[in-house]
Amino acid sequence: MSWTEVRRDDRIVEWERSDGHATIRLRRGPNAWHVRVDRLYQSAEGRGYEGERFESESEARETVEAWKDEYDVEN
């Protein structure tokens, strides 16, 4: 997998893609979990942003793993 964890604190975990042109962030909010993927315009796929809200941590983490596969440059 071409993702490296670059941030971890009590609310946020963030991964950066090996080319440095995309990040995925998992954030714990007061009432829900949020996952977002952000691609820079330099990305081979072009600029993009997607975010979703989840009631459970497990659903949010499943999305993180799915997006790591979907947006991986080494697949």
With the threshold set at 4.0 Å, does a side-chain nitrogen-carboxylate oxygen contact exist between [X] and [Y]?
X: Arg11; Y: Asp9; result: no
X: Arg47; Y: Glu45; result: no
X: Glu65; Y: Arg61; result: no
X: Arg36; Y: Glu14; result: yes

Tell me, with the steps shown, if Phe54 and Thr63 meet side-chain contact (heavy atoms from CB on, under 4.5 Å). CA-CA 10 Å; Phe54 299 92; Thr63 299; 3.0 Å; yes
Point-to-point distance, once rounded to the nearest 0.5 Å, from [atom1] of [X] to [atom2] of [Y]:
X: Glu16; Y: His21; atom1: CD; atom2: NE2; value: 9.0 Å
X: Tyr71; Y: Arg39; atom1: OH; atom2: CZ; value: 5.5 Å
X: Glu5; Y: Leu26; atom1: CD; atom2: CG; value: 10.0 Å

When you measure from the side chain of Trp3 to the backbone of Lys68, do you find a donor-acceptor pair of N or O atoms at a distance under 3.5 Å? yes
Please determine, by modelled atom types, if Arg17 and Thr4 share a side-chain donor-acceptor pair under 3.5 angstrom. no
Within the structure provided, determine whether Thr23 and Trp15 are in side-chain contact (heavy-atom separation under 4.5 Å). no
Can you name the closest pair of heavy atoms from Gly20 and Leu40 and give their distance? O-CD1, 3.8 Å
Smallest heavy-atom separation, Val35 atom then Ala60 atom, equals CG2-O, 3.5 Å
For Val13 and Arg7, run side-chain contact (heavy atoms from CB on, under 4.5 Å): C-alpha distance rounded to whole Å, both residues' side-chain angles, the deciding distance at 0.1 Å, then the answer. CA-CA 5 Å; Val13 182; Arg7 177 180 177 182; over 6 Å; no
